[in-house]
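Structure first, then comments.
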2 protein chains.
Amino acid sequence: MVKPTRVENRIRALRFAHGELTQADLAERIGVTRQTVIAIEQGKYSPSLEVAFQIARVFGVPLDDVFQYPDGA
Amino acid sequence: MVKPTRVENRIRALRFAHGELTQADLAERIGVTRQTVIAIEQGKYSPSLEVAFQIARVFGVPLDDVFQYPDGA
DNA sequence: TGAGCGTGTCAGGAATTCTTGACATCCGCA
DNA sequence: TGCGGATGTCAAGAATTCCTGACACGCTCA
């Protein structure tokens, strides 16, 4: 990562709020690998828009509910 | 593009709804190049989550208002 | 003690996103 | 007729995202 993400997410919280969903389970549901889920959850990098949408869909919430882009520049 | 995007967007409509904002102007405001705006607007590929957020921010609307992820697979 | 689960890391590589730079077309206007 | 503005395209390369595969740690349970 030459440039760490500025996008924050609530994936971990949402996972627990949805029946202790494990990272592996979530990964399978959104169609990515476990490592990808870990990296995104830890903010190693921001996901693509497609992956972001799928995550939001799994949790049944709007995208802005999962990811937040910090204010001013 | 080995895999064209499934994400739709309303960038063009939003541009016109915001004072005839040109692609070049928008590109500058969101911090990407003009070519990138064109490609995204035409659905050549889906933007990164960061770029998507900045676009939504320029137009002052939630992200789900700019991009839509088609329903079931 | 040993097996299984959940989480985290690393390395190398494939795929996608974004950039720079150049060139083409269409339109409106002096 | 010629110029400028807006849009679109192509090509090559840099940066980022995502993948496969392997290994480690802590915890629980038989």
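Excluded from the calculations below are hydrogen atoms, water molecules and symmetry mates; all remaining heavy atoms, backbone and side chain alike, are included. Chain naming here is simple, since letters A, B, ... match the order of the sequence lines and numbering starts at 1 in each.
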Please determine, for the side chain of [X], which listed nucleotide ([options]) has the closest atom?
X: A/Gln23; options: D/dG8, C/dT20, C/dT7; result: C/dT7
X: B/Val51; options: C/dT20, D/dG8, C/dC18; result: C/dC18
X: B/Ser46; options: C/dT9, C/dT17, C/dC18; result: C/dT17
X: B/Val32; options: C/dT19, D/dC19, D/dC18; result: C/dT19
X: A/Thr33; options: C/dT20, D/dC19, C/dG8; result: D/dC19

Looking at every heavy atom in both [X] and [Y], which two are closest together, and how far apart are they?
X: A/Asp64; Y: B/Phe53; answer: OD2-CE2, 4.0 Å
X: B/Ile40; Y: B/Pro47; answer: CD1-CB, 3.4 Å
X: A/Pro70; Y: B/Arg57; answer: O-NH1, 3.1 Å

Starting at [atom1] of [X] and ending at [atom2] of [N], how long is that distance when rounded to a whole Å?
X: B/Phe53; N: C/dT17; atom1: CZ; atom2: C1'; value: 17 Å
X: A/Ile30; N: D/dC18; atom1: CD1; atom2: C1'; value: 11 Å
X: A/Leu26; N: C/dT7; atom1: CG; atom2: P; value: 10 Å
X: A/Ile11; N: C/dG8; atom1: CD1; atom2: P; value: 12 Å
X: B/Glu20; N: C/dG28; atom1: CD; atom2: C1'; value: 14 Å
X: B/Tyr45; N: C/dT16; atom1: OH; atom2: P; value: 13 Å
X: A/Ile38; N: C/dC10; atom1: CD1; atom2: C1'; value: 12 Å
X: A/Ile40; N: C/dT16; atom1: CD1; atom2: C1'; value: 14 Å

Ignoring backbone atoms, test whether [X] places a side-chain nitrogen or oxygen under 4.0 Å from the OP1 or OP2 oxygen of [N].
X: B/Lys44; N: D/dT9; value: yes
X: B/Arg12; N: D/dG8; value: yes
X: B/Ser48; N: C/dC18; value: yes

Open item on the list: On DNA chain D, does the nearest nucleotide to B/Glu50 precede the nearest nucleotide to B/Gln35 from the 5' side, or the other way round? Give the residue.
Closed with: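 First, find each residue's nearest nucleotide; the 5'-ward one identifies B/Gln35.
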Task: Gap between atom CD of A/Gln23 and atom CZ of A/Arg15 - 0.5 Å precision - done: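 Separation between the atoms: 4.5 Å.
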Task: Donor-acceptor pair under 3.5 Å, B/Arg34 side chain vs D/dG8 base - done: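 Yes, the side chain and the base share a sub-3.5 Å donor-acceptor pair.
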Open item on the list: Any N or O donor-acceptor pair under 3.5 Å from the base of D/dG8 to the side chain of B/Glu41?
Closed with: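 Under the 3.5 Å cut-off, the side chain and the base do not form any donor-acceptor pair.
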Open item on the list: Please compare A/Arg15 and B/Thr36 by the position of their nearest nucleotide in DNA chain C and report the one closer to 5'.
Closed with: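 The residue mapped nearer the 5' terminus is A/Arg15.
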Task: Distance-only side-chain donor-acceptor flag, A/Tyr69 / A/Glu8, under 3.5 Å - done: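 No pair is found: no donor N or O on one side chain lies under 3.5 Å from an acceptor on the other.
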